[in-house]
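A quick write-up on the structure given underneath.
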Amino acid sequence: MRKLSEVLRDWEAVIGLEVHTELTTLETKMFCGCRISHDDEPNANVCPVCLGLPGALPVPNERAIESIVMAGLATNCEVMRRSMFYRKHYFYPDMAKNFQTTQGPVAFVMHGHLDLEVPADRADERPTWASVAADGATPIERAADGSYVAPIRILRIHMEEDAAKMVHVGGAEGRIGGATESLIDYNRCGTPLIELVTEPDLRTPEEARLFMEKLRETFLALGISDCSLEHGSMRCDGNVSLRRRGESSLGTKSELKNLNSFKSLHDALAYEICRQAEVLEAGGVVLQETRHWEPSRRRTVVMRVKETADDYRFFPDPDLAPFDLTDEFVERCRARMPELPDAKRERFASQWGLTRRDAGRLAGDPDLARLFEGAAAQLRPQEVPTLANVLINLAPSFGALTMLQLVSITELLFRDALTFAQAREVLGIVNGTDQMPIVVAGDRGLLQSTDTDALGAIVDEVLARCTDQARQYRDGNRKVLGFLVGQCMRASEGAGNPKLFNQLLVERLG
Amino acid sequence: MTSVDALSARQIAAGIAAGEFSATEVARAALDAIASRDNQTRAFLQVSEDLALTAAARTDAARAAGEALPPLAGVPVAFKDNMNLLGTRTTCASRMLESYESAYTATCVQRMLDAGATPLGKLNMDEFAFGSTTDSSAFHPSNNPWDIACVPGGSSGGSAAAVAAGEVTIALGSDTGGSIRQPASLCGVVGMKPTYGAVSRYGVVAFGSSLDQAGPLGRRVEDVALAMNALTAGGRDPCDSTSRHCEQDFLAHLDDPIEGRTVGIIPALLQADGLAPEVRVATQAAATQLADAGAHIVEVDLPNMANSISAYYVLASCEAFSNLARFDGVRYGYQEPGCATLAEQSSLSRAHGFGPEAKRRQMLGAYLLSSGVYERYYLAAQKVRTLITRDYQQAFAQADVLLMPVSPTVAWPHGAISDPAALYLADVYTISNNIAGNCGISVPVCLGADSELPIGVQLQGPAFADARLLTFARALERACQMEGAVAPSFAGRGGELR
C-alpha cells in the first residue's frame, strides 16, 4: 500500500463522523428513574421501564434534553422548536423492547458547525491543492506556518437510549455465533445517549482526530459526560470514501468501528484511505461495508457487508408526545452553559499573556483550567506564565498536587530558587501529601541561594583557585565559562543559582 | 337475604361503614357468586381469593380502628387481564404470557385498590385485546350472561360478562377501538371509555398506545362515576407522560338536568347498511327519551367517519406490531425449547406463543411500517386522524354530546362471524372516538324487540368532558328500565349476604 501522503496527492478523502456520547453525568436514565452507573452489580439498576416489561411506559428525562440543547448551542446548532421521539425496530436482546427510542427526521438540534483550527504541526496531511472547505465556498487559507482553519458542518445531534451490554460465553471472539451462553446486563440499557452526525466535511485523519478532541473538550466543559473513549462513554464511527482529485461525486464509503482512542481514529482512517486507494487503483470497487479496526494488527477487517438498507420501521413513538421547546427553555439552557474552551483559551491568552497553544492546553481540560485559574488568582500576574509551564510540563506527571503546592512551586521557579529538575524532585516528594514545596526544598537543601553577596564570595574563591581557566576565558575561550559555573555550583553544594553564578562570573571576568 | 349483586357500589361501601355487613362478608359473597356463576360465563381467568380476603380484612380493620373508609371500601372489582396486579399473572389471554407474573401494579388498578376496592381477580379478553368477541382468548371463550350461546363482545368481554352476571360490582376494561363500550352494549351494562389521557395507561399492556384507554364497567352510571373518581384521584400519573390531570367529583353533576342542552345525532349513521333494525329503533327511542327530558336534538355530521375503520386498522396495527415486538421469549413469556440460535428461538417463540389474530395484526403492522409502504398508509392514516378530530370539533361546537349506536347488532352466537374483516367493520361506531381521543360511554337502554338481548346506545363527548358525558348517561339511564340489571338467569344465584 502507498503512504497516506502519496495517496492524498491523487485522491480526496471524504470523511464524516458519527459520535455517540453517553450523558454519564446525569443522575437517572433517559426514560425512567434508574441510576446511571455501569460499575454496579449486573442488573442492579433496572426497573419495569428499562427492562421493557409489559405495560411499562417511558417518561422523558428533562435534564437530558437540557444537556442536548447545551451540546447544540455549543456547536452552533439550531434548536428545533418541535421534535419528537421515534421507535427504531430491530430484534436483539440488548434492547429490551426490541425497539430503540431515538429521533426521526427532526432532531432536538440541527445544522451546526465547528471551526477546526489545525495547528502547523498537524496540518501537513491536507494536500495543498485542497484549498476550499467542504461547503464548496469557504476558502481554506494557510497561515505562514501552514496552520489553517476548516469549518466542519454538523448535520444534527439527536437523542436516543443506549442498549444493554451483552457478554457471549464460549463462542469465538466473544461473538454470539457459537456462544454457549449469553449474559445481558441491563444497567446501561436506557442511558441517555446523544449522537452527533457531521457532514462529510473532514478531509484528513488528522482533522478527524482534531474534531474529536475538540468535541470532547467541548462536552467536558459542558459537564454533560465523562467523555471516556476508553470506557465507551464517547464512541466514534468513521465513514470514509475516496474520490479522484477534482471530482465532485461521492465514492462508496466504508464505515469504521472500534475506534476507541484518538490514535485508533486517526490510524484506522489513514489505513482505510490507503486500502481504498489500492483497491481503486487496481481497478476494483470499494464495497459498502462496516469494517472493524484491529489496533494490534493495524488494519481494518470486514464486519458485515451492507447489501440492502436495514428496514427499522421507524415511526413516531406514541408514548411520547412531541416536544415543543420554548424560548424560555432554550434560554435557561444557555444560561447554564459554562465558558467554552475556545473562549476560555482566548481569555487565558490575552489575560495572562500565554501563548495560544499553552492557553489552549489549559482551557481544553476543565479540571486543569479550574486549577490554573484558582492558582493564578493567588500569584502575581508576571508569575502566571510560569504557572502555565508548571501545569503543562510538570504537573501531568503527578496526579495529586494541590492548588497551594502549585502556587508554591511556581513562586520558587519564578525567582529561580529551583531548577526545573529540582522542582520535579520536590513535586515527587509532596505529591499526594499536604507538604509545601518550599518547606521540602528547604529541608533538603535544594533551595538555591540568590543572595548575590554570598554567591559573589564563592565566585571570588573559585576564580582565585582556577586562574588558568580564568585566563583562557579572557583570551576568548567562552566555553570555559561552563566549567567555572560548575565549580561554583560544587563549591555551594548545589545551593547557588547557576544563572546568577553565570552572571557574576561574566561580570568579574569582563 | 340479599345477594351482593343487588347492591350498588355506594350501598356496599355504606353497608360496610354502617356495620350491616363486613368487607370480608362481601368478599366471600362475591367469591361465592363467582363460584356459582363463572362456570357458565367463564369471565374469569384467575380468581384472586387471597388478595380479596386480605384487602377485605384490611378494610374491616380500618373500620374497627374507627378510620373513615374510602369511597369504594369493600366493593368487589376485577380487572381485565392486560392490567398488571402484583400477586397475579398478567396473561393478556395469550400463551405468550400464560405464566407471566406481574412485576408491579398498574396505576389504574392501584387507584381502585387505594379507593378501598376488593380485588377478585383477572378477566378474560381477546388475546392482547385484538378482537370483539373474546373468542380469541388463548384459554377459553367467555359467554354472554344474557344468552350463554352468544359472545359477550370484546375485547373486554370478561369484564362485561362478569359485571352483567353480577360476579363483581365494577370491572375495569381497556378500549382501543370500542373494547369497553361494545361488550358493555352486548352484555347490557354501562361501559365508559374516558378521554385519552384521563386514566393512566401505566401498567396496562399496550396495544395501540395512541388509542388505548382504560375505563370502568358497571351496572349503574353511578358505579361508573364512582370508579372514575377513583381512577382520576391524585391527578395525572407521573409514570404516563400522556396522562393529564382530570381529578374531579364525577358524582357532583350526575343528576343535573339536561333541559335545554343539545344532543347531536348523525342521520347518516342511522341509515347505514348492516345496522340491525332493533338497534336503530333503540337508538331513535333513546333520542326521544333525551328530548322528553328537555334536551334539544340537533343533526350533525361527521363526514370523514367512513374512513375511520381504514385509518384505525393502519394506526392500531402499526402500534401493535411495535408494542408486541418485546415478546420474544428471551427474558419472560413463552420460550420455545431446544432452539440452536437466537433467531430461531425468537421466531418460534413468537410463532407458537401468539394466536392467529395477534399474528395477523403484527404482520399487518410490520408491513405497513416498512419503508416505502409507511408513507402511503401510516402517514395517510394520520391525515385522516386529523380530519376526524376536526369533524368532532365542529360537531361539538353544535352539540354537547353525540348519540349513536355502539354495535350494529346485538350479541351473536359464538362462531357466527368468522371473517375478520366483517368483525373489523362492526367497529364503525366506536373507533372514531378513539381516533379523536374523545370520551364515550355505552348505556344499556332496552332488550331488542327481535332478539330479546340487550342493546346499548352510545354517547360521545369532547375530550375532558367526561363529567358531562356521565350526566347525559345518567339522564338516559333514568329514562330506561335497565339500571342495576343483572342477567336474569344469574341474578341472585349464589352470593348471598347475611
Side-chain angles (χ1 to χ4, degrees), chain A residues 31-33 43 46-49 51-62 85-101 104 164 166 168 171 175-184 186 189 308-323, chain B residues 82-84 90-92 96-97 100 102-107 128 197 200-206 208-212 237-243 315 318-319 321-328 330-333 341-343 346-347 350 365-374 378-379 382:
Chain A
F31 296 114
C32 62
N43 298 308
V46 296
C47 73
V49 177
L51 283 178
L53 295 185
L57 295 173
V59 176
N61 179 345
E62 189 174 311
F85 281 105
Y86 274 59
R87 293 180 178 184
K88 175 184 178 178
H89 301 86
Y90 65 90
F91 278 84
Y92 203 67
D94 67 354
M95 205 39 97
K97 303 163 287 168
N98 283 324
F99 62 77
Q100 181 190 32
T101 308
M166 286 187 72
H168 306 297
R175 305 267 177 96
I176 194 168
T180 52
E181 207 175 18
S182 293
L183 308 172
I184 317 179
Y186 286 93
C189 195
T308 52
D310 292 317
D311 194 340
Y312 291 118
R313 300 189 160 83
F314 277 99
F315 85 113
D317 192 323
D319 285 328
L320 294 159
F323 286 83
Chain B
N82 59 354
M83 297 173 179
N84 282 279
T90 298
T91 72
C92 293
M96 182 57 89
L97 294 178
Y100 177 77
S102 309
Y104 62 103
T105 297
T107 302
F128 282 103
S200 168
R201 293 184 294 118
Y202 186 75
V204 182
V205 181
S209 310
S210 73
L211 303 156
D212 293 345
D237 178 11
C239 293
D240 174 1
S241 63
T242 61
S243 80
L315 298 174
C318 289
E319 294 183 11
F321 155 76
S322 179
N323 285 327
L324 272 64
R326 71 190 63 195
F327 303 115
D328 57 11
V330 172
R331 288 172 300 121
Y332 57 82
T341 66
L342 173 68
S346 297
S347 299
R350 290 169 68 77
Y367 169 72
L368 292 168
L369 285 176
S370 54
S371 74
V373 179
Y374 170 80
Y378 183 86
L379 293 184
Q382 286 290 24

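So that the names make sense, note that chain A is the first sequence line, chain B the second, and so on, each numbered from 1. Because the structure is a prediction, the values reported are computed rather than measured. The basis for the numbers below is simple: all heavy atoms, side chains too, and nothing from hydrogens, waters or symmetry mates.
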Contact class of B:Ala366 relative to chain A, heavy atoms under 4.5 angstrom: both

Distance, nearest 0.5 Å, that separates CG of A:Asn98 from CZ of B:Arg350: 7.5 Å

Whether A:Phe315 and B:Tyr378 hold their rings parallel, tilted or perpendicular, with breakpoints at 30° and 60°: perpendicular

B:Asn323 versus chain A, the contacting section by heavy-atom distance below 4.5 Å: both

Gap separating the CE atom of A:Met95 from the CZ atom of B:Arg326, nearest 0.5 angstrom: 12.0 Å

Taking every non-hydrogen atom, the tightest pair across A:Asp311 and B:Ser371: OD2-N, 2.9 Å

Any donor-acceptor pair under 3.5 Å from B:Ser241 side chain to A:Ala321 backbone: no

Residue list, salt bridge (charged side-chain N to carboxylate O under 4.0 Å, His left out) with A:Lys97, at least two apart or on another chain: A:Glu161

Reported OG-to-OH distance for the pair B:Ser322 and A:Tyr86, which is rounded to 0.5 angstrom: 13.0 Å

Proximal component of A:Phe91, with respect to chain B [non-hydrogen, under 4.5 Å]: side chain

Chain A contact via B:Tyr202 - which portion, at a heavy-atom distance below 4.5 Å: both

Contacting moiety of A:Phe31, where chain B heavy atoms sit under 4.5 Å: neither

Shortest non-hydrogen separation from B:Asn84 to A:Pro54 and the atoms involved: ND2-O, 3.1 Å

Portion of B:Arg331 that has a non-hydrogen atom of chain A nearer than 4.5 angstrom: side chain

A:Tyr186, part contacting chain B, at a heavy-atom distance under 4.5 Å: side chain

4.5 Å side-chain heavy-atom contact, A:Arg87 and B:Ser209: yes

Side chain to side chain, B:Leu342 and A:Pro93, heavy atoms closer than 4.5 Å: yes

Heavy-atom side-chain proximity of A:Leu57 to B:Cys239 below 4.5 angstrom: no

Part of A:Pro58 lying under 4.5 Å from any heavy atom of chain B: backbone

Residue part contacting chain A, namely of B:Val330, when any heavy atom lies under 4.5 Å: side chain

Gap separating the OH atom of B:Tyr100 from the CG atom of A:Leu53, nearest 0.5 angstrom: 4.0 Å

Sidechain-backbone polar pair: B:Tyr104 side chain, A:Ala56 backbone, donor-acceptor under 3.5 Å: yes

B:Phe321 CZ to A:Arg313 CZ distance, which is reported to the nearest 0.5 Å: 5.0 Å

Considering all heavy atoms, the nearest A:Pro316-B:Tyr374 contact: CD-OH, 3.4 Å

